[in-house]
Protein chains: 2
Amino acid sequence: MTTLREVAAAAGVSMATVSRALAGSTIVAARTRERVSQIAAELDYQPNRAARQLVTGRGQAIGLVVPDLQNAFYASVATGMQRRVRAAGLNAMIGDTDEDPARELEVLSQLAMVCDGAVLASSRTSDADLAEVAGRTRVVLVNRVLEGVPAVVGDNADGMAQAVAHLAALGHTRIGYAGGPATSWSDARRREGLATAARRELTADGVVDLGAFRPGSAGGIAAADRALANGVTAILAFNDQLALGILGRLADRGVAVPQQMSVVGFDDVPVARLLAPPLTTVSVPALEMGSAAVDLLLSSEEPATRVLPVELQVRRSTAEPARHSGRT
Amino acid sequence: MTTLREVAAAAGVSMATVSRALAGSTIVAARTRERVSQIAAELDYQPNRAARQLVTGRGQAIGLVVPDLQNAFYASVATGMQRRVRAAGLNAMIGDTDEDPARELEVLSQLAMVCDGAVLASSRTSDADLAEVAGRTRVVLVNRVLEGVPAVVGDNADGMAQAVAHLAALGHTRIGYAGGPATSWSDARRREGLATAARRELTADGVVDLGAFRPGSAGGIAAADRALANGVTAILAFNDQLALGILGRLADRGVAVPQQMSVVGFDDVPVARLLAPPLTTVSVPALEMGSAAVDLLLSSEEPATRVLPVELQVRRSTAEPARHSGRT
DNA sequence: TTGAAAGCGCTAACAT
DNA sequence: ATGTTAGCGCTTTCAA
């Protein structure tokens with residue numbers, strides 16, 4: 001590894017001049033700067049990040065904490081985040097918490113030691129703890145809002161409104177909501193949006209709360225069974241991960257989608273369109289959320305909440321309800 | 001931030017003693033160690049990683065380079081890798097290359113600056129470049145083998161043998177192989193395994209090379225169309241990502257799976273079982289590959305290649321071929 | 001415009 | 001068993 005000192009020696013100038021030249025400082029003579037840059041390149045000089053961080057205090061990486069990388073939504077957020085970070089010449093560090101809220105702070109503080117800041121996706125940490133962390137570390141939230149902390153979120157209420165409007169237009173009058181984890185901020189927002197939309201489009205008992213489920217196939221089984229027991233004609237799932245599980249269970253139980261049951265997801269993960277039937281779902285710009293979060297982290301503006309638009313993708317997992325589900 | 005110096009002052013000992021005590025060195029008196037640890041805890045002392053790295057040379061993180069985090073297989077490798085890394089008290093840094101082989105070295109060298117070592121998954125870099133990198137940085141390969149570099153791979157040949165045996169037993173005599181990227185090491189191994197198995201189970205023209213495709217839905221469309229044009233009764237896909245695209249295209253073209261076409265994938269990503277029909281595929285222990293790679297990286301043994309067993313999961317995307325596919 | 005010098009927080013010889 | 005000391009590679013005052 002070539003060091004600054006070696007470059008300085010080769011160029012016949014001081015270390016300070018090399019440091020300034022390489023940083024592009026204008027106070028160093030243009031000719032000197034050029035020569036130094038060239039020699040540094042020849043020697044294949046790579047600055048030692050640890051040394052730089054030690055003296056500047058500023059790090060070289062940005063962290064991302066997600067509940068589960070295997071959820072395609074978070075994989076997309078990670079991809080978007082990572083592209084932006086790399087474009088800024090920094091590194092991305094990613095940690096997942098295995099859907100365990102308790103591990104969130106642990107992972108974050110571990111990342112924070114080497115990171116300038118971190119993006120926290122779908123945090124389930126309490127407001128108080130979160131505020132405390134945000135006080136110590138530069139943090140941007142994704143899919144969560146907290147006063148004074150910058151955040152990027154999808155328009156949850158509007159997404160639910162679109163989904164309900166679509167189902168109502170098809171003629172559904174009893175819709176089941178398969179909720180996400182109880183501590184999920186997005187789930188709370190989606191429930192609110194759902195309630196508002198339901199008041200507008202449906203009768204009082206138009207929405208049935210199926211309960212709270214862990215995204216994944218286990219949760220999907222429970223959710224689908226509850227939906228069937230409740231006699232709803234459509235299921236609105238908290239996210240695609242859960243909708244996937246629901247679809248699987250319905251297929252196992254011989255329930256035809258969309259003929260006997262309509263299913264709507266949320267997120268529009270890439271596989272959604274490849275399922276049979278292709279899943280009707282609310283498309284959330286996950287890649288953009290990741291990059292926008294990095295922008296917020298890197299910019300020095302006031303903490304702001306960026307709400308990204310979402311859009312229902314109508315595919316083939318939704319249709320008119322069966323006329324007489326009992327007969328025929 | 002509390003520093004070592006402050007802890008030393010508070011404890012009334014030298015910095016060196018604190019350093020040793022906190023490192024758990026046995027040469028420091030037990031009582032001293034205890035007192036120092038307690039004071040450090042009271043002061044909420046957190047060692048500065050940059051300073052430590054600067055002096056020891058050893059970093060604090062382990063890197064992972066994958067072609068595409070949105071491919072569920074790599075997301076699983078990342079998860080497995082990450083759990084192991086965190087269990088070792090280190091951080092994981094993940095970078096993806098957007099399936100661009102050229103970016104691989106770039107991402108790796110960026111990660112290498114702050115990492116003790118890196119796991120390189122499905123590298124498509126040339127042997128020469130890879131050997132050069134492995135000389136500079138501690139590297140473990142996943143899904144790639146190179147003399148002198150530790151590696152974790154799935155048993156590609158055996159996987160193909162199982163898949164071919166399954167299809168042959170069902171009565172298929174013309175199988176199309178939808179290959180992966182030309183520079184993919186696993187694709188080459190899978191082709192070899194396929195050829196060997198075909199010699200044993202099928203006639204000379206039993207396997208049709210459909211070509212090389214990029215995993216994803218675009219590649220799947222091309223692959224499915226080629227398969228249909230070639231009159232094969234079964235498609236063996238390089239990986240699930242590609243199989244997903246194939247399934248999607250077949251559905252679009254009204255080809256019933258498995259009645260008119262059988263499809264077999266490779267990897268067994270979590271959604272494979274949730275597709276309609278559930279995908280028959282070769283299960284590869286992705287999580288384990290990730291953690292095994294970290295083990296290899298952290299251990300100081302001789303470079304070894306760990307071959308992990310794979311197992312065909314027969315689901316419902318495969319069946320006997322139609323008797324007379326032309327008629328009826 | 002350039003250089004000298006003082007650390008950033010920590011570890012590891014070496015000395016006691 | 002503990003302390004002293006000399007840096008790790010870099011940035012950044014301060015002085016020239």
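The model shown is predicted, which means the values in this text are computed figures rather than measured ones. Just so we're on the same page: letters track the sequence lines, and every chain starts at 1.
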Is it true that, when you exclude B:Glu34 itself, more than 12 heavy atoms of the residues, nucleotides or ligands shown sit nearer than 6.0 Å to its CD? no

Give the first and the last nucleotide of DNA chain C, reading 5' to 3', that has any atom under 4.0 Å from a heavy atom of chain A. C:dT1 to C:dG9

Is any side-chain heavy atom of A:Asp155 closer than 4.5 Å to a side-chain heavy atom of A:Leu308? no

So what does B:Met1 hit on the nucleic acid, given a heavy-atom distance under 4.0 Å: a base, only sugar-phosphate, or nothing? nothing

I'd like to know if the side chain of B:Ser14 pairs up with that of B:Thr17 as donor and acceptor (distance under 3.5 Å, no hydrogens or angles considered). yes

Less than 4.5 Å apart, side chain to side chain, heavy atoms only: is that true for A:Met93 and A:Ile62? no

Taking the nucleotide of DNA chain D with the nearest heavy atom to each, does B:Val28 or B:Leu54 sit closer to the 5' end? B:Val28

For a 4.0 angstrom threshold against heavy atoms of chain B, report the outermost contacting nucleotides of DNA chain D in 5' to 3' order. D:dA1 to D:dG9

Counting any heavy atom closer than 4.0 Å, what does B:Ala16 reach on the DNA or RNA strands: base, sugar-phosphate only, or nothing? base

In terms of the nearest nucleotide of DNA chain C, which residue is placed more toward the 5' end: A:Val13 or B:Thr3? A:Val13

Taking atom types as modelled and ignoring hydrogens, do the side chains of B:Thr97 and B:Glu104 form a donor-acceptor contact shorter than 3.5 angstrom? no

Report yes or no: do A:Thr3 and A:Tyr45 form a side-chain donor-acceptor pair below 3.5 Å? no

For residues A:Thr2 and A:Gln46, is any side-chain donor paired with an opposing acceptor at under 3.5 Å? no

How close do B:Ala75 and B:Leu69 get, heavy atom to heavy atom, and via which atoms? CB-O, 3.7 Å

